[in-house]
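Below is one structure; the comments refer to it alone.
Computed from a predicted model, the values in this text were never measured in an experiment.
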Amino acid sequence: MIFPCLIFAQEEVPADFLEKLHQEKSESPPSSMNFFFSMGLESLFSLQQFSERLESNGLTPFPDRNFVNGLGFNIQKEKWTVFQVDFGFANSNDIGDVEGLKENVFYSNARIGGAYNVLPGTHLFRLEPGLGLLFANGRYTVKSTDELGSFDGFLGQRNFNELRLSQSSVGLNVNVLISPNHFHPEPTKGVFDFFSLEIGSNLLLHQFGMQPNLADHPDLNLTSVYFKARINVISQ
């Protein structure tokens, strides 16, 4: 028995429906999703006041050049990187030589943004100026390495042996990325197929949330310029 609704559906569907569907799909702009790791060097150039206050109190200044690592992913069209999210961080242990103290720094950032390829689609590489929103957090930690007495006495005095200064920031990221053009009819082969270079600047425009809550504190401003290499681990 054939139900009337099935007969109706069969009569209404055009004969070339599947052919048109396939044609529309093939005509839609191609896209590529890339997952990557990054590494590079970053120079912080707005930390002078913060570092001077540390030095005036006998501590080691916040290092202004650091090795940074990160990971992220993006979605590329022929001319646009329509969506990109990535995370970066730097960590330095035992930055000073102050006797009885151990000084560590750590900072991280998260970026969301996009970019536009200014080169023609026939070029083997993409040259993409980009813009993004940025959230960053920095931390400077000082710990005592001396013996501080008995367990009960230490807890009773509540004179703990660690000071952690941290602050968050928001701002903009501007960058230029050179990467292989996966949409080229004859894409690059070998190392250049998954290797990209990025140069840019993190402009931290507003700092907030200093911990602990201290009067007349200098801002931990992580504004920087950087140079990074990217390695695509998955491209599809």
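- By the 4.5 Å heavy-atom criterion applied to side chains, Asp94 and Lys102 are counted as neighbours.
- A donor atom on one side chain and an acceptor atom on the other are not found under 3.5 Å apart for Asn66 and Tyr226.
- Atoms CG and CG, on Asn109 and Asp86 in that order, are 7.5 Å from each other to the nearest 0.5 Å.
- Listed by first and then second residue, the salt bridge (charged side-chain N to carboxylate O under 4.0 Å, His left out) pairs that reach into residues 225-236 are Glu198-Arg230, sequence neighbours excluded.
- Here the closest heavy-atom approach between residue Met210 and residue Pro218 is recorded as CE-O, 3.6 Å.
- Using a 30° and 60° split on the angle between ring planes, Tyr140 and Phe50 fall in the perpendicular class, above 60°.
- Gln167 contributes a side-chain N or O that, together with a main-chain N or O of Leu220, makes up a donor-acceptor pair within less than 3.5 Å.
- Side-chain contact annotation: Asp219 with Gln49, donor-acceptor N/O pair under 3.5 Å absent.
- Side-chain contact, Glu103 with Thr60: a donor N or O sits under 3.5 Å from an acceptor N or O.
- Neither side chain, Gln76 nor Asn117, offers a donor N or O lying under 3.5 Å from an acceptor on the other.
- Remark: the backbone N or O of Leu204 is paired with a side-chain donor or acceptor of Thr223 at under 3.5 angstrom.
- Annotation: side chain of Phe83 is not in contact with side chain of Asn74 (no heavy-atom distance under 4.5 Å).
- The backbone N or O of Phe208 sits nowhere less than 3.5 Å from a side-chain atom of Ser168 that would complete a donor-acceptor pair.
- Atom OG in Ser196 sits 9.5 Å away from atom CZ in Phe125 (nearest 0.5 Å).
- Under a 3.5 Å cut-off, the side chain of Asn221 and the backbone N or O of Leu47 do not form any donor-acceptor pair.
- Residues that satisfy the salt bridge (charged side-chain N to carboxylate O under 4.0 Å, His left out) test with Arg53, not counting sequence neighbours, are Asp216.
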Apply the test side chain to side chain contact (heavy atoms under 4.5 Å, CB included) to residues Asn173 and Leu203: give CA-CA distance (whole Å), side-chain angles for both, the deciding distance (0.1 Å), then the verdict. CA-CA 6 Å; Asn173 168 267; Leu203 306 173; over 6 Å; no
